[in-house]
Amino acid sequence: MNKPVYMDNNATTSLSPRVLDAMMPYLTEIYGNASSKFYNVGRIAGHAVSEIRERVAVQLGVKPNEIYFTASGCEADNWAIKGIADAYKAKGNHIITSSIEHHAILSACEFLEKHGFDVTYLPVDGEGRVNPQDVEAAITDKTILISIMTANNEIGTIEPIAEIAKIAKAHGVLMHTDAVQAVGHMRVNAAELGVDLLSVSAHKFHGPKGMGLLYIRNGIRISNLIHGGGQERGKRAATENVAGMAGLAEALEIANAELNESVEKMTRLRNRLIDGIEKTIPDARLNGPRDDGRLCNNVNFSFKYIEGESILMMLDMKGVCASSGSACASGSLDPSHVLLAIGLPHEIAHGSLRLSVSAETTEEEVDYVLEVLPPIVERLRQMSPLYEG
Ligand SMILES: *Cc1c(COP(=O)(O)O)cnc(C)c1O
């Protein structure tokens, strides 16, 4: 096999050729400064930015002036947490989040804890679900923000965001959701969800890397992210990345237009992987929910007695790209914070494998993984001092 079998779509996806086509004019002829009105190549870029903002807003069910482009999902998450904390610090210093958030949220919260904020990291159930009643019980008169992810990047759990947003609203608390994994894998309408802030990253749905956005509902105060020029209504300075914006808009439109078919296809591939692994590998534990409430493209298993990293190395030799836990955590030997939060003991939290498909994944690729994985697990177990089977 020369082309790798790519099963790491929760980490990043390939750039769609249609998206590249949509970006190309802004990487070539239309290089003008989108904020300059004094010459045509700038005006054209400026008009493009307005038009792109409108297209993106339509896709998310919000208004164009509620879309703020950022240079990544991490940036959008950081801005939501730190920007709201700073703008509302006179009102209170308490933030509620979950113990299974992406590190962009967790580390931003830990930073705030060093600066006088209190953060509640809510526990989750055995499948990674946050209980809305726990959210409500954690609210105090000092709570200014609740941030819970729409879907988890490691184990695919979809959280009850609309329900939590209702609770937030009833208590006059702002609600942010990291929807980075959700977009492209389920319908995401910020207005319907009822959230005040929502993060998106283009490269998780076949858009370009280094391009994200933060939806900020009109009427919400937020501190400026980057001080400088007047771009993004003065809140995030930097000469506009028009090509990136065009790529994000195109990828979002394609993802939503093809959502029904692509979700159906990804779900089928996901289930084929889950069923195949359970049938052929003993002592394999599926992490996260089985069907309902699981991202259509995520598979995460723990294999008793062996390390996730060793599986990855052997899969790589077979041309399969996968990951163990979160991409940020791989490379370190810490067990995944998500797997620990769903109650796995340390030794099992080390042995997890995440396989994530896209609409471009084929059935043949899934079957190839199902053919090479069982002997890999068996061989590693034979080498493990813990294994007696
Ligand atoms: C990938 C990811 C991010 C970070 O997005 P970048 O654009 O890579 O910075 C944030 N949150 C979740 C849930 C993710 O999966």
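As the structure lists them, so they are numbered: ligands from 1, and atoms in each ligand from 1.
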Do [X] and [Y] meet the criterion of a side-chain donor-acceptor pair at a distance under 3.5 Å?
X	Y	answer
N10	N298	yes
D125	N131	no
K204	T12	no

Nearest-neighbour protein heavy atom for [atom], which is reported as residue plus atom name and distance:
atom	value
atom 7 (O) of ligand 1	S201 OG, 2.6 Å
atom 2 (C) of ligand 1	K204 NZ, 2.7 Å
atom 13 (C) of ligand 1	D178 OD2, 3.4 Å
atom 9 (O) of ligand 1	C74 N, 2.9 Å

Next item on the list: Run the salt-bridge test on E66 and R53 with the 4.0 Å N-O cut-off and return the result as yes or no.
Entry: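 No, this pair does not count.
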Note to self: Salt bridge check, E253 against R55: does any charged N sit closer than 4.0 Å to a carboxylate O?
What the structure shows: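 Counted as a salt bridge, because a side-chain N and a carboxylate O are separated by less than 4.0 Å.
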Margin query: Among H203, H102, K209, M211, which one puts a heavy atom closest to atom 8 (O) of ligand 1?
Written below: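 The residue whose heavy atom sits nearest atom 8 (O) of ligand 1 is H203.
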Checklist line | Best match, A151, G210, G73, S72: closest heavy atom to atom 5 (O) of ligand 1 | finding: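 The nearest heavy atom belongs to G73.
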Within the 4.0 Å heavy-atom shell around [X], which atoms of ligand 1 are there?
X	value
D77	10 (C), 11 (N)
M149	13 (C)
V180	1 (C), 2 (C), 3 (C), 10 (C), 11 (N), 12 (C), 14 (C), 15 (O)

Check: Relative to each other, are the rings of W79 and Y68 parallel, tilted or perpendicular (30° and 60° limits)?
Finding: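 Geometry flag for Y68 against W79: perpendicular rings.
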Note to self: Which label fits F301 and F303: parallel for a plane angle under 30°, tilted from 30 to 60°, or perpendicular past 60°?
What the structure shows: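 Rings of F301 and F303: parallel, as their planes differ by under 30°.
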Notebook entry, point to check: Mind checking whether N10 has an N or O less than 3.5 Å away from an N or O of ligand 1?
Noted result: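 In fact, backbone or side chain, N10 has no N or O that close.
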Check: Looking at ligand 1, does any of its N/O atoms fall within less than 3.5 Å of an N/O of E75?
Finding: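 Such a contact does not occur with ligand 1.
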Notebook entry, point to check: Between the main-chain N or O of D178 and the side-chain N or O of S199, is there a donor-acceptor pair closer than 3.5 Å?
Noted result: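 Answer holds: no.
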